[in-house]
Amino acid sequence: MKLKITTALATALLAQGAFAQEQGGRLDVVVQPEPPSLMLGLVQNGPTQMIAGEIYEGLLRYDTDLNPMPGLAESWEISEDGMSYTFTLHEGVLWHDGEPFTSADVKFSADVFLRETHPRLRASLEYVESIETPDDRTVIFNLSEPFGPFISVFEVGTMPMIPAHIYEGTDFANNDANNTPIGTGAFKFESWERGSFIHLVANEDYYIDDLPHLDEIYYRVIPDAASRAVAFETGEVDVLPGGSVENWDVARLSEGDNACVTSEGWEFFAPHAWMWLNNREGPTSDVRFRQAVMYAMDRQFMVDVVWNGFGKVATGPVSSSTNFYTDDVTQYEYDPDRARELLEEMGYDGAPVRLLPLPYGETWQRWAEAVRQNLQEVGINTEIEATDVAGWNEATAQWDYDIAFTYLYQYGDPALGVSRTYTMDQIERGSPWNNVEGYENPELDEKWAAAAGTADTEERQRLYTEIQQELVDDVPVAWLQELDFPTIYNCNVQNLVTTGIGLNDGLRDAWIEE
Amino acid sequence: MVILTAILSRLAKAILTLLAIAVLNFFLIHAAPGDPAAVLAGEAGAADPQFIAQLRERFGLDQPFHVQLWTYVSNVLTLDLGYSFRQDAPVSQLIADRLPATLLLTATAFVISLTLGTAFGVLAASQRGRPADSLITTFALLFYATPLYWAALMAILVFSVQLGWLPGFGFETVGGGYGGLERVLDVARHLVLPALTLGLFFMAVYMRLTRSSMLEVAQMDFVKTARAKGLRGSVIQRRHILRNALLPVVTLAGLQAGQLVGGAVLTETVFAWPGIGRLMFESLEARDYNTILGVFIVSAAMVILFNIATDLIYRLIDPRIGAKA
């Protein structure tokens with residue numbers, strides 16, 4: 001009798017084991033470069049967001065189709081007129097130091113802290129008239145006018161929740177707590193050996209039962225790309241986030257035993273690459289020259305060869321994974337003859353054109369060489385000017401270039417990540433991320449404003465389609481491709497990428513199959 | 001006494017040199033395009049003028065250039081290397097955190113290259129023209145000509161990936177939780193590949209230098225005299241030839257020792273060794289002015305110290321030098 005019970009129990013346990021996620025284990029993830037800080041409210045660069053996105057949380061998360069999912073807010077409601085957004089916060093959420101998380105923290109984060117420190121969110125907060133907190137678990141954002149993309153600004157990198165009890169009334173940038181970040185996330189900051197690793201451990205008091213599955217995460221700093229590839233091969237690390245090894249290594253590593261590859265987890269960012277064309281002066285100020293550049297480039301070849309097949313030729317300013325994309329625009333096929341005709345028509349005199357590559361490693365270097373070769377073939381006299389990241393920033397921000405590589409995130413909505421490149425109010429010397437090319441089109445500016453200022457999805461689609469069609473004909477910048485940054489990981493790691501920002505907030509759901 | 005005054009005057013000059021280096025570096029680094037605020041803003045992927053202005057103000061970059069220079073120099077004079085706003089930590093702490101790892105790596109490589117290089121050089125000289133000599137000189141030439149970066153990657157591929165004998169990355173096993181002797185052994189295992197790779201080039205140089213220097217001294221009259229006196233070969237080798245042949249080796253060792261702090265950027269990068277060379281390189285890319293200047297000053301101080309030490313060692317090996325000075 002006793003034996004029978006034991007057997008039944010064992011069977012039950014086994015059955016459960018086959019379906020349930022396994023608890024425990026350690027995950028080693030490459031981080032490159034080493035982040036300057038983990039205080040997400042102050043620093044928003046890629047490596048910071050990847051690690052801090054596990055420590056801090058936003059009100060919402062987004063799936064790979066960019067639909068909002070519960071985060072710190074368990075439910076939300078948008079009023080009919082699109083003027084007020086009401087969030088109900090999860091119950092029993094604690095900060096990592098044990099203090100309760102309440103609506104006051106939300107108001108402090110959005111209204112006080114991030115308004116002062118977060119340039120990207122600041123632009124969206126212009127539309128927020130007031131933030132109400134009727135009780136500890138309810139937050140209401142009242143807008144001054146409808147703002148179409150507002151539901152997309154609650155992701156952890158855009159609006160991370162900052163603990164009011166630590167920062168209220170302090171000098172945010174110089175607060176001692178910046179080196180020991182306190183969030184509400186599934187992982188807590190444990191230690192940081194500069195130059196070696198950052199160690200996070202599971203938050204035992206996380207408000208969702210059974211999460212996180214992992215015990216700990218080590219983010220490993222390995223500065224050389226070839227060494228990072230070897231680190232994955234030897235099993236030193238389990239995950240190579242997108243962009244951490246060169247593309248030819250992606251192809252090689254993904255053939256290894258037990259190596260899995262996914263391109264998911266970048267939909268929200270939708271990294272979009274193009275070349276700034278200086279619209280102010282030189283041959284690039286002539287629209288025929290700019291069109292010639294588009295026809296001169298064999299962009300499919302660049303995807304296939306320079307990027308080893310990762311990525312997709314861009315049809316225009318909006319990425320196909322961003323909302324309101326259309327492919328109903330002029331297509332620039334590879335057509336060197338057409339390019340030569342356009343150059344002849346404008347009377348291009350062979351004046352030299354400077355090409356500034358993006359100093360992000362071998363792939364980008366080769367990409368610039370491929371473009372240069374294409375441009376030379378149609379008679380554009382191109383010189384590559386190499387520099388480092390700071391030099392690249394300076395040259396683009398100060399408009400001291402003819403053609404310059406760049407890529408930007410789109411954050412799910414044209415009003416958040418696309419319009420900033422093309423509207424006239426974004427022309428301001430000193431930033432490499434605004435209307436750097438100097439494109440001026442007042443009529444389109446009105447359409448951009450109208451499209452952002454309505455919550456009517458159909459109307460927005462109509463306006464964005466018109467905008468995309470006109471932009472593609474004007475070629476203010478030369479669109480290259482939608483970048484694909486595949487994540488390579490050990491196949492034993494399950495549920496690694498479950499959201500539209502992938503590794504940047506998803507490790508709470510990941511688990512390791514032994 | 002003579003030695004003491006010599007040291008004191010060298011030290012006084014050294015301090016002036018250091019100041020001059022600090023000022024020069026300050027000008028150079030500010031001449032590079034971009035500044036730390038622009039880099040931070042650039043990395044954020046979004047920036048408005050308010051954001052950049054805030055950063056500049058916080059970093060003190062909104063001050064006139066001469067004010068920034070004066071602030072920096074007066075800080076250096078009080079041994080304050082300033083604050084890294086990028087990394088949110090005092091520069092002296094950043095350097096102190098990274099320096100031990102670098103010193104361990106470079107000192108080990110230094111000792112390996114100097115002892116093995118000299119030993120093989122002596123062996124090759126004594127076996128001149130025989131197979132052992134050819135073998136040693138061939139390998140020396142190979143090591144001398146191999147790019148460090150390539151040698152490092154090959155070492156990782158062979159000993160870490162293929163054979164699995166030694167760890168290829170890092171300073172110690174991450175999260176290993178070792179203590180005491182276990183930790184020492186763990187670090188030592190991690191040290192082998194980077195130290196050997198870094199030491200290879202200088203080992204070859206020492207070997208070639210010792211060999212040629214020994215052969216040159218062996219032709220000299222006093223060696224013939226020693227032989228004529230009927231001294232044993234080994235004594236002549238050690239006391240007459242080697243001692244006189246060592247001066248150029250010491251000169252070179254002094255030069256290499258001066259690079260103990262800053263000379264391992266590449267090795268540290270490939271082996272993910274958390275040293276000061278990487279700190280310098282990454283700070284340079286980020287235009288983290290205070291950190292770069294701090295590392296430069298510390299490296300310059302080391303170079304100067306080792307130059308003085310080299311001079312002292314000259315006097316020990318060759319008493320004539322002290323007498324002339």
Side-chain angles (χ1 to χ4, degrees), chain A residues 26 28 33-34 36-37 39 43-48 116-123 173-174 178-179 193-197 199 216 218 220-224 226-228 230-231 233-234 236 359 387-398 408-409 417 420 428-434, chain B residues 32-36 38-55 58 84-89 93-94 97-98 101 149 152-153 156-157 160-161 164 167-172 174-175 266 268-276 278-279 281-282 284-288:
Chain A
R26 150 184 173 174
D28 284 69
E34 187 165 18
S37 158
M39 205 308 161
V43 179
Q44 285 101 33
N45 75 5
T48 297
E116 184 180 321
T117 61
H118 198 310
R120 187 156 52 79
L121 182 64
R122 185 154 51 218
N174 296 316
N178 293 341
N179 282 322
E193 291 282 332
R194 291 203 183 259
S196 291
F197 63 85
H199 185 195
E216 53 185 349
Y218 283 95
R220 308 281 297 272
V221 181
I222 302 177
D224 180 60
S227 301
R228 289 193 286 275
V230 173
E233 280 184 296
T234 53
E236 275 276 318
T387 176
D388 68 351
V389 176
W392 175 89
N393 265 321
E394 179 82 0
T396 49
Q398 296 301 326
L408 254 77
Y409 290 171
R420 56 177 172 162
E428 181 129 33
R429 213 184 257 259
S431 162
W433 308 125
N434 53 20
Chain B
D35 68 24
V39 173
L40 262 182
E43 288 170 348
D48 53 13
Q50 182 189 344
F51 181 62
I52 295 182
Q54 277 171 353
L55 288 177
R58 202 174 125 219
S84 164
F85 292 100
R86 183 183 171 84
Q87 307 212 30
D88 220 347
Q93 185 201 322
L94 288 175
D97 282 353
R98 295 295 194 89
Y149 180 80
L153 277 177
I156 293 177
L157 276 183
S160 191
V161 179
F169 309 100
F171 180 73
E172 57 188 322
V174 170
L266 218 55
E268 287 177 4
T269 302
V270 179
F271 290 101
W273 193 262
I276 205 166
R278 266 171 61 198
L279 178 69
F281 185 69
E282 283 156 17
L284 188 65
E285 295 235 289
R287 301 287 190 269
D288 185 352

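By convention in this document, chain letters (A, B, ...) are assigned in the order of the sequence lines, proteins followed by strands, and residues within each chain are numbered from 1.
Of the atoms belonging to A:A397, not a single heavy atom falls under 4.5 Å from chain B. Contact annotation for A:T396: neither backbone nor side-chain heavy atoms come within less than 4.5 Å of a heavy atom of chain B. For chain A, the nearby parts of B:R86 are the backbone and the side chain; heavy atoms of each come within less than 4.5 Å. Heavy atoms closer than 4.5 Å to chain A are found in the side chain of B:Y149, but not in its backbone. Of the two parts of B:E285, the backbone and the side chain both hold a non-hydrogen atom closer than 4.5 Å to a non-hydrogen atom of chain A. With a 4.5 angstrom heavy-atom cutoff, A:E116 touches chain B via backbone and side-chain atoms both. Proximity to chain B is absent for every atom of A:R429, based on heavy atoms less than 4.5 angstrom apart. In this structure, chain A has a heavy atom under 4.5 Å from the side chain of B:E282, while its backbone stays farther away. Contact annotation for A:Y409: neither backbone nor side-chain heavy atoms come within less than 4.5 Å of a heavy atom of chain B. Neither the backbone nor the side chain of B:L55 has a heavy atom closer than 4.5 Å to any heavy atom of chain A.
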- Item | Test log, rule side chain to side chain contact (heavy atoms under 4.5 Å, CB included), inputs B:I156 and A:E233 | CA-CA 11 Å; B:I156 293 177; A:E233 280 184 296; over 6 Å; no
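The most heavy-atom pairs under 4.5 Å with chain B, out of A:P33, A:P47, A:A173, A:A395, come from A:A173. Among B:D88, B:V161, B:L279, the residue with the largest count of heavy-atom pairs under 4.5 Å with chain A is B:D88. Top candidate by heavy-atom pairs under 4.5 Å with chain B, chosen from A:V389, A:N179, A:T117, is A:N179. Here A:R122 is the residue among A:R26, A:R122, A:E236 with the most heavy-atom pairs under 4.5 Å with chain B.
Of the possible polar contacts, none joining the A:R194 side chain to the B:R98 backbone as a donor-acceptor pair under 3.5 Å is found. Using a distance-only test at 3.5 Å, with no hydrogens or angles considered, a donor-acceptor pair links the side chain of B:R278 to the main chain of A:G195. Side chain of A:R220 to backbone of B:V174: no donor-acceptor contact under 3.5 angstrom is found. Not a single donor-acceptor pair under 3.5 Å links the side chain of A:S227 to the backbone N or O of B:F271.
Residue A:T234 holds its OG1 atom at 5.5 Å from CZ of B:F169, rounded to the nearest 0.5 Å. Here A:D224 contributes atom CG and B:E268 contributes atom CD; the two are 13.0 Å apart, rounded to the nearest 0.5 Å. One distance of note links CZ of B:R287 with CD of A:E394; it measures 9.0 Å at 0.5 Å rounding.
Pairing each heavy atom of A:G391 with each of B:P33, the nearest pair is CA-CG, 3.8 Å. Listed here is the closest heavy atom pair of B:A272 and A:V221: CB-O, 3.8 Å.
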